[in-house]
Amino acid sequence: MEFSQQLSTHPKSAEQRAEILANPGFGDHFTDHTAVIDWTQDAEGKGGWHDARVEPYGPIAMDPASAVLHYGQEIFEGLKAYRHADGSVWTFRPEANAERFNKSAVRLALPELPEADFIESLRRLVSVDKAWVPSGDGEALYLRPFMIATEAFLGVRPSREVSYRVIASPAGNYFGGELKPVSIWLSTTYARAGRGGTGEAKCGGNYAASLAAQIEAESHGCKQVLFLDPFNDNAVEELGGMNVFFVFADGTLVTPALNGTILHGVTRSSVLQLARDRGLTVQERKITIDEWRDAAADGTLTEVFACGTAAVITPIGELKTAEGSIACPAPGPDSVAMGIRAELLGIQTGTVEDTHGWLTRLA
Ligand SMILES: *Cc1c(COP(=O)(O)O)cnc(C)c1O
């Protein structure tokens with residue numbers, strides 16, 4: 001698809017940009033432009049994408065009756081653009097994000113966007129806002145594609161007007177500062193997903209539903225929530241926005257199997273591949289909270305970590321529950337978690353050879 005381009009007449013000055021890039025945080029600041037593609041369905045029910053464009057970043061004018069504002073028909077993605085030493089800018093496995101975006105679209109009754117248009121929208125936005133890609137250690141430009149139902153209509157049916165957009169935000173280290181093991185809260189009050197629900201889709205509604213659990217977690221001094229499947233022997237599912245992994249003393253790497261309620265993380269699948277490359281035994285299977293507790297107690301559990309695009313790999317130091325806490329061994333420098341983390345970051349930032357063809361150049 002051809003993109004038109006309208007440059008911002010009020011971009012941030014080089015000084016303002018430098019100030020932001022000196023301390024980017026996460027999700028606080030946005031670049032000067034946005035990419036947009038609209039979709040409309042005609043009277044015969046035939047839909048089509050049109051008006052692909054890059055335009056100045058700014059508020060969206062929207063009818064108050066727009067479907068997304070009432071029924072939450074929305075999906076999103078998250079991936080990063082990394083600056084390599086020669087100044088070029090690359091992204092990691094965007095085809096996987098495009099594929100997952102389309103699966104989410106089908107679940108939320110939104111139109112699918114061709115993979116080529118998804119990737120081209122990232123390329124066009126990053127090309128015009130290339131100066132916003134940070135170059136510091138562990139820093140990247142976070143890309144947030146999303147799709148919203150914009151038709152002004154209060155009846156409940158799939159929207160006949162949809163807007164796809166991409167915004168970009170310079171990102172530092174997700175949890176701030178050095179890599180400290182995090183404490184997570186075990187929610188037994190709330191579930192994230194259920195059979196036949198939207199757990200596999202990356203949709204705003206899943207995050208809205210996780211916020212009450214997040215508040216509960218914060219009241220117990222935790223930043224993240226672990227969700228279980230209470231109808232399946234309290235099997236471990238995942239965190240609100242990250243998948244989880246366990247390393248056992250015999251070198252086995254275990255992560256919950258994708259059972260319809262767990263998000264198919266791109267980082268998850270990359271960690272599994274890198275673990276196989278290292279000759280580790282990899283198991284995607286059911287792991288219950290009782291197994292976790294017992295293995296932590298008898299010392300057979302050696303590492304627990306979470307993974308996702310935003311925070312890459314984060315060690316879990318403690319699981320707090322209503323019945324007391326389970327201490328998790330902190331992964332040392334020679335741990336599986338830290339080894340795979342360094343390799344993954346190395347591939348993404350161009351210092352380790354990309355043997356799987358995971359990188360795509362954006363600018
Ligand atoms: C996005 C997300 C993840 C992580 O996926 P990545 O592709 O690795 O970033 C995990 N769980 C949930 C619920 C998510 O929304």
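Every number for a ligand or one of its atoms is a count from 1 in the order of the listing.
Of the residues listed (E284, Q273, E238), the one engaging R268 in a side-chain hydrogen bond (donor to acceptor under 3.5 Å, both in side chains) is E284, and it is the only one.
Rounded to the nearest 0.5 Å, atoms CD1 (I313) and CG (L274) are 8.0 Å apart. In this structure, CZ in R93 is found 9.0 Å from NE2 in H356, a value given to the nearest 0.5 Å.
The 4.0 Å heavy-atom shell around ligand 1 contains residues R100, R192, K202, Y207, E238, G240, G241, M242, N243, L263, G265, V266, T267, G308, T309, ordered by chain and number.
Ring pair H220/W185 is parallel by interplanar angle, where below 30° counts as parallel and above 60° as perpendicular. Below 30°, between 30° and 60°, or above 60°: for Y164 and F118 the angle between ring planes is between 30° and 60°, a tilted geometry.
For S270 (side chain) and V266 (main-chain N/O), a donor-acceptor pair under 3.5 Å exists by modelled atom type.
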